[in-house]
Amino acid sequence: MAENTAGLRGITAGETALCTVGQAGTGLTYRGYDIHDLAQHAEFEEVAYLLLYGHLPNRNELVAYRERLQSLRTLPEALREVLERIPASAHPMDVMRTGCSMLGNLETEADFSEQDWHIDRMLATFPAIITYWYRYSHDGVRIDTDSDEASIGGHFLRLLLGKSPDPMHVQVMHASLILYAEHEFNASTFTARTCASTLSDIHSCITGAIGTLRGPLHGGANEAAMAMIEPWQTPDEAERELLGMLERKEKIMGFGHAVYRKSDPRNAIIKEWSRKLAEQVGDTRLYPVSERVEAVMAREKGLFCNADFFHASAYHFMGIPTPLFTPIFVMSRLSGWAAHVKEQRANNRIIRPSADYTGPELQTWVPIEERG
Ligand SMILES: CC(=O)SCCNC(=O)CCNC(=O)[C@H](O)C(C)(C)COP(=O)(O)OP(=O)(O)OC[C@H]1O[C@@H](n2cnc3c(N)ncnc32)[C@H](O)[C@@H]1OP(=O)(O)O
Ligand SMILES: O=C([O-])CC(=O)C(=O)O
């Protein structure tokens, strides 16, 4: 394979009506709507509806959709039992993967005509899957997995923190979940589509996508970015440490992108929320450290923050434990994954690319007793 196409970079692998990345305008659109408009004006549920059902909901449709999602929040008893068996030391992304897979055992998608119900059910239950396990394994508490919070982001914060969330934090969750919702043929979405192309069930598609998102080169970068900046006490210390990492040729998590060349349009939006949250909590350390890291990376490597970098400080300021950062990405990207599964199913051919063979020429069979 020619070097510049390694990782299938730049190769068109199918069609989608869901999203453009790095094209005209500000660089990211969902079904033709600019990410800036969506993140500024919409609620996450509106965007999920747009992705899954093809148009922005009118008021009645949005109210009905929110109510439907709210009515599907209760976790089945057997799923709660499984979550209680997972140790506190487990990685929360493994918990998400198991939770999704277990749901598929209990409520199997028998026919594609049921797909929308299962997608709504996953959107409704994913916040409870992660928080039920987290609160049980870390605090020994069996939380109620229902809440009267209208939004998925508010519901997650309520279950995690055990109190009504700050209205600004609910707003940040809407923006964050919108920014993370969809991104064309990224690795996890391509996994979901490949699985869907075999005519597999929706829980298998989403479980595979969760496993793919887990890696630090993809969704796991928000958590890895937090682990990197957390110990740094001052911008000067951050600069010193970062220069050392660059010297050692380490990858800096939360920077660079496979498609964007100059900037990731999601960064400025989450960065501004991080700044507001820093002000709210009176932070004088993490936000200035993050800004210095951004400046040093631009100066030294010409690299820009991707969607993940300022998500780290933003989530931290809202009191969210670092290991739960990537599961929030799952709660959001589920909408994009599922929309892609629907799109793949509607116009399917099994995904099966070719490979350039680099192995040995045809070999003569050697019986086992004659092998050295
Ligand atoms: C929501 C998301 O999933 S966004 C992505 C989240 N992932 C991360 O933040 C992990 C850190 N970033 C990276 O590893 C990469 O930038 C990726 C995986 C996102 C993209 O990978 P690629 O498409 O291979 O990157 P690209 O071709 O632009 O790399 C060009 C050069 O910059 C370097 N580079 C890219 N990103 C970084 C980084 N974060 N730190 C240090 N160097 C980097 C590469 O090593 C490469 O150098 P080389 O030619 O000497 O090998
Ligand atoms: O598009 C990609 O390769 C990674 C990314 O930013 C995303 O999935 O949001």
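Atoms within each ligand, like the ligands themselves, are counted from 1 in listed order.
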Asker: Are a donor atom and an acceptor atom from the side chains of T326 and N222 found within less than 3.5 Å of each other?
Answerer: yes
Asker: Considering all heavy atoms of both residues, which atom of T191 and which atom of A209 are nearest to each other, and what is their separation?
Answerer: CG2-N, 4.0 Å
Asker: Between H183, M253, K251, H257, which one has a non-hydrogen atom sitting closest to atom 10 (C) of ligand 1?
Answerer: M253
Asker: If you measure only the distance, is there a donor-acceptor pair under 3.5 Å linking the side chains of E223 and H91?
Answerer: yes
Asker: How close does the nearest protein non-hydrogen atom get to atom 1 (O) of ligand 2, and which residue and atom is it?
Answerer: H183 ND1, 2.7 Å
Asker: Is there at least one pair of N or O atoms, one from G254 and one from ligand 1, spaced under 3.5 Å apart?
Answerer: yes
Asker: Is there a heavy atom of R9 sitting under 4.0 angstrom from any atom of ligand 1?
Answerer: yes
Asker: In terms of atom number and element, which parts of ligand 2 are under 4.0 angstrom from non-hydrogen atoms of R266?
Answerer: 5 (C), 6 (O), 7 (C), 9 (O)
Asker: Give yes or no for whether the N/O distance cutoff of 3.5 Å, strictly under, is met between E250 and ligand 1.
Answerer: no
Asker: I'd like to know whether ligand 1 has A224 as a neighbour, heavy-atom separation below 4.0 Å.
Answerer: no
Asker: Would you sort out whether H55 and Y49 count as a ring-ring contact (aromatic ring centres under 6.0 Å, His included), showing the intermediate values?
Answerer: CA-CA 7 Å; H55 64 273; Y49 190 102; 5.4 Å; yes
Asker: Looking only at heavy atoms, is any part of E184 under 4.0 Å from ligand 2, and if so is it the side chain, the backbone, or both, or is it neither?
Answerer: neither
Asker: So for F329, does at least one of its heavy atoms come nearer than 4.0 angstrom to any atom of ligand 1?
Answerer: yes
Asker: Give a yes or no on whether the ring-centroid distance for Y287 and F310 is below 6.0 angstrom.
Answerer: yes
Asker: Side chain or backbone, does Y180 bring an N or O within less than 3.5 Å of an N or O on ligand 1?
Answerer: no
Asker: Are R261 and ligand 1 in contact, using a heavy-atom cut-off of under 4.0 Å?
Answerer: yes
Asker: For atom 12 (N) of ligand 1, what's the nearest protein heavy atom and its distance?
Answerer: F255 O, 2.8 Å
Asker: Would F309 and F255 count as a close aromatic pair, with their ring centres under 6.0 Å?
Answerer: yes
Asker: Would you mind telling me if ligand 1 is within reach of the side chain of D308, the backbone, both or neither, using heavy atoms under 4.0 Å?
Answerer: side chain
Asker: Of all the heavy-atom pairs spanning H218 and S188, show the shortest one and how long it is.
Answerer: NE2-OG, 2.9 Å
Asker: Quick check on H257 - does any of its heavy atoms sit under 4.0 Å from an atom of ligand 2?
Answerer: yes
Asker: Against ligand 2, does E182 come closer than 4.0 Å with any heavy atom?
Answerer: no
Asker: Of all the heavy-atom pairs spanning L106 and L79, show the shortest one and how long it is.
Answerer: CD1-N, 3.8 Å
Asker: Which residue holds the protein heavy atom closest to atom 8 (O) of ligand 2, what is that atom called, and what is the gap in Å?
Answerer: R333 NH1, 2.9 Å
Asker: Check R9 against ligand 2 and report side chain, backbone, both or neither, counting heavy atoms closer than 4.0 Å.
Answerer: neither
Asker: Is the shortest N/O to N/O distance between I252 and ligand 1 below 3.5 Å?
Answerer: yes
Asker: Taking H311 as the fixed residue, which of F329, Y180, F325 is the one that meets the ring pair (Phe, Tyr, Trp, His ring centres under 6.0 Å) rule?
Answerer: Y180
Asker: For H257 and H183, I'd like to know if the aromatic rings sit close, meaning centre-to-centre distance below 6.0 Å.
Answerer: yes
Asker: Compare every heavy atom of E294 with every heavy atom of K271, then report the nearest pair and how far apart it is.
Answerer: NZ-OE1, 2.8 Å
Asker: Can you list the atoms of ligand 2 that are under 4.0 Å from a heavy atom of N186?
Answerer: 1 (O), 2 (C), 3 (O), 4 (C), 8 (O)
Asker: Assess the side chains of S176 and W273: does a donor N or O sit below 3.5 Å from an acceptor N or O?
Answerer: no
Asker: Kindly identify the option in L246, T326, N222, L217 whose heavy atom sits closest to atom 18 (C) of ligand 1.
Answerer: L217
